[in-house]
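Below you'll find the structure, written out as structure tokens, and then a few comments.
Note that the coordinates shown come from a computational prediction; the quantities given were computed from them, not determined experimentally.
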Amino acid sequence: MAYYFEEPSRTFSEYLLVPGYSSKQCLPANVSLKTPLVKFKKGEEPKISINIPMVSAIMQSVSNDTLAIALAKEGGISFIYGSQSVEDEAAMVRKVKNHKAGFVTSDSNIKPDQTMADVVELKEKTGHSTVAVTHDGTATGKLMGIVTSRDYRISRMDPNTKVRDFMTPFESLVYAYDGVSLKEANDIIWDHKVNSLPIIDKDGNLVCMVFRKDYDFHKANPLELLDDHKRLMVGAGINTRDFEERVPALVEAGADVLCIDSSEGFSEWQKETIDFIRAKYGDEVKVGAGNVIDREGFLYLAKSGADFVKVGIGGGSICITREQKGIGRGQASSVIEVANARNEYYEKTGIYVPICSDGGVVLDYHITLALAMGADFTMMGRYFSRFDESPTHKISIGGTYVKEYWGEGSNRARNWQRYDLGGDKKLSFEEGVDSYVPYAGRLKDNVRKTLSKVRSTMCNCGALDIPELQKDAKLTLVSATSIVEGGAHDVTLKEAGISSI
């Protein structure tokens, strides 16, 4: 007869951490969140570690090159979505790898025959006050001048005034040629007391910009995730259908790690994909697999050669797999069982295979719970979809700014490749929804706030790093009544100041 689990399926919200002894050293500033991304042997260091336990989901509405750059600067890594052409995904990977820290492609550009009204509109759209004036209004056109907020006065000038009549012309600009180092560029900025420095090629075409304000950012950003060549690191999603074409293109583009994007990973299709990568590249190309929710699924993928294993089915906010197909498991239960299997596998083989908790994170403290339960890092979609850097547009609905967010199992994504069941190249039914999420601003600000909570909670538990948290954490189940007690209750709130992430 069928196997029945004795314990009910638990979610993160059904658990709390119990504080432990905290020494004087238990300060958030002393907490390290560095964690392995790929498998390693006992006594060795992993080939890839990340500086914060956060990665972005393999989703059209989440992980493009812009978000990948922003997250890598904070110490995490993005997995560029694979539900696009091989060429387009490889191009996104290249953009991340070719990104020079401090050298910014201009996203505020205008033509000299446009007007002050166009400048004001562009500033409102991008939020940037420095506008490059190029002959064709592109980021790589011939540089004609620069417009900053000091060049015009809305209250005193005709909105139809041509840009060429009030811009700082090229002959009055301080600029540098392509090939200048970041140190040299910053020296020029400081020596000439300017706020920005356009970088041009030998033909006078704009290449990028260096900004004075970015100098302090890079000095204050020691967790940047960089490869051996000082380039930002980036991951990429693959599927079990076109991997023979997609994997070589992504490797050639410079992807640091790959991950199979699948709704359910306990399948021969995943082993076949990993076998192809191992036969062609050996252990040089790192690839994660999943998703699984129990011991057997983890062991299958670990023995198949996965460099990390993703855990979770049906826990995402836009995922309706459980109600559509009746498969899945509470995220907490899944992580706990798979973490135990991972630890047993490590003791038996001497190989540590990191696990990624994918889905089920609603509040910041759920990240800490996932780590305490044994996850090495968390993959999140909705969390990152709310930020400026995600691919979707910010729109206003009823006076509130939101961003679009849809699942890879939705009809909008049309990502049939992630379903390892063979058959026609189409979705038979949806396993994801199309939705909105509250706009939250910049990734940097939100990630740093979230991680300050994680570090603080770890200090309450007496842990200064993730392995110590996993070893010493004490967790308790909570009743429905205590969940109510844990929030604001028996008072009238002046305003809603607490929200889910």
Side-chain angles (χ1 to χ4, degrees), residues 65-66 68-70 72-75 94-112 114 116 119-120 122-123 125-153 163-233 388-389 442-445:
D65 52 293
T66 306
I69 290 169
K73 287 181 176 180
E74 296 305 311
R94 287 192 188 92
K95 285 181 181 179
V96 181
K97 299 306 294 184
N98 292 335
H99 177 81
K100 298 179 183 178
F103 294 88
V104 181
T105 300
S106 176
D107 67 352
S108 297
N109 310 287
I110 205 163
K111 292 185 287 189
Q114 290 182 263
M116 185 186 75
V119 172
V120 173
L122 184 60
K123 181 182 177 181
K125 179 181 178 182
T126 65
H128 299 153
S129 58
T130 299
V131 179
V133 184
T134 59
H135 79 287
D136 59 358
T138 70
T140 56
K142 188 175 181 64
L143 184 63
M144 310 298 290
I146 292 287
V147 172
T148 70
S149 56
R150 294 177 298 182
D151 293 317
Y152 61 93
R153 293 285 295 276
V163 170
R164 65 167 61 90
D165 295 331
F166 62 88
M167 70 182 186
T168 302
F170 177 78
E171 53 269 21
S172 299
L173 294 176
V174 177
Y175 57 87
Y177 285 100
D178 192 22
V180 66
S181 70
L182 184 59
K183 182 181 185 305
E184 292 169 337
N186 280 316
D187 287 342
I188 294 171
I189 286 174
W190 287 99
D191 291 343
H192 290 83
K193 299 180 180 180
V194 293
N195 290 323
S196 63
L197 181 72
I199 310 298
I200 61 174
D201 64 19
K202 59 182 177 59
D203 298 319
N205 296 312
L206 181 62
V207 175
C208 57
M209 302 283 290
V210 178
F211 294 93
R212 175 189 289 261
K213 63 181 176 61
D214 287 341
Y215 177 80
D216 292 332
F217 171 79
H218 293 294
K219 286 293 184 182
N221 196 44
L223 294 179
E224 272 189 318
L225 191 64
L226 304 174
D227 64 17
D228 293 337
H229 302 287
K230 303 300 181 183
R231 300 175 301 176
L232 296 176
M233 299 187 74
D388 286 322
E389 296 85 354
R442 297 190 302 174
L443 178 146
K444 175 179 73 171
D445 298 333

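- Summarising the geometry, atom CD belonging to E224 is positioned 11.0 Å from atom CD1 belonging to I69; distances are rounded to the nearest 0.5 Å.
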Please set out all donor-acceptor pairs under 3.5 angstrom arising from side-chain atoms of residues 130-139, sequence neighbours excluded.
unit_1: T134; atom_1: OG1; unit_2: G137; atom_2: N; d: 3.0
unit_1: T134; atom_1: OG1; unit_2: T138; atom_2: N; d: 3.0
unit_1: T134; atom_1: OG1; unit_2: T138; atom_2: O; d: 2.9
unit_1: H135; atom_1: ND1; unit_2: K142; atom_2: N; d: 2.9
unit_1: D136; atom_1: OD1; unit_2: T138; atom_2: N; d: 3.2
unit_1: D136; atom_1: OD1; unit_2: T138; atom_2: OG1; d: 2.8
unit_1: D136; atom_1: OD2; unit_2: T138; atom_2: OG1; d: 3.2
unit_1: T138; atom_1: OG1; unit_2: T140; atom_2: N; d: 3.4
unit_1: T138; atom_1: OG1; unit_2: G141; atom_2: N; d: 3.1

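- The two residues F103 and C208 have their closest heavy-atom pair at CD2-SG, 3.6 Å.
- Annotation: side chain to side chain contact (heavy atoms under 4.5 Å, CB included) contacts of A176 (sequence neighbours excluded): V180, I188, L197, I199.
- When every heavy atom of K123 is checked against every heavy atom of S149, the shortest pair comes out as NZ-CB, 4.3 Å.
- The distance from the CD atom of E389 to the NZ atom of K444 is 9.5 Å, given to the nearest 0.5 Å.
- Pairs of residues two or more places apart, or lying in two chains, that qualify as side-chain hydrogen bond (donor to acceptor under 3.5 Å, both in side chains) and include a residue from residues 197-211 are D201-N205.
- Partners of K183 according to the side chain to side chain donor-acceptor pair (under 3.5 Å) rule, which considers only residues two or more places apart in sequence or in another chain, are D187.
- Among residues two or more places apart in sequence or in another chain, the side chain to side chain contact (heavy atoms under 4.5 Å, CB included) test is passed with R231 by K97, D227, H229.
- Taking R164 as the reference, nothing meets the side chain to side chain donor-acceptor pair (under 3.5 Å) condition, with sequence neighbours excluded.
- For Y152, the ring pair (Phe, Tyr, Trp, His ring centres under 6.0 Å) test picks out F166, with sequence neighbours left out.
- In this structure, the separation between CD1 on I110 and CE on M144 is 13.5 Å, given to the nearest 0.5 Å.
- A search for side chain to side chain donor-acceptor pair (under 3.5 Å) contacts involving T168 returns D151, not counting sequence neighbours.
- Contact detail for R212 and I189: the closest heavy-atom pair is NH2-O, 3.5 Å.
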Please evaluate residues H128 and M209 with respect to the criterion side chain to side chain contact (heavy atoms under 4.5 Å, CB included), reporting the C-alpha separation (whole Å), side-chain torsions for both, the decisive distance (0.1 Å), and the verdict. CA-CA 13 Å; H128 299 153; M209 302 283 290; over 6 Å; no
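- With sequence neighbours excluded, the residues that form a side chain to side chain donor-acceptor pair (under 3.5 Å) with D445 are R442.
- To the nearest 0.5 Å, the span separating OG1 on T105 from NE2 on H99 amounts to 8.0 Å.
- With sequence neighbours excluded, the residues forming a side chain to side chain contact (heavy atoms under 4.5 Å, CB included) with F170 are L143, L173, Y175, I200, listed by chain and number.
- For A72, the side chain to side chain contact (heavy atoms under 4.5 Å, CB included) test picks out L232, with sequence neighbours left out.
- Here the OG1-NZ distance, from T66 to K95, works out to 7.5 Å after rounding to the nearest 0.5 Å.
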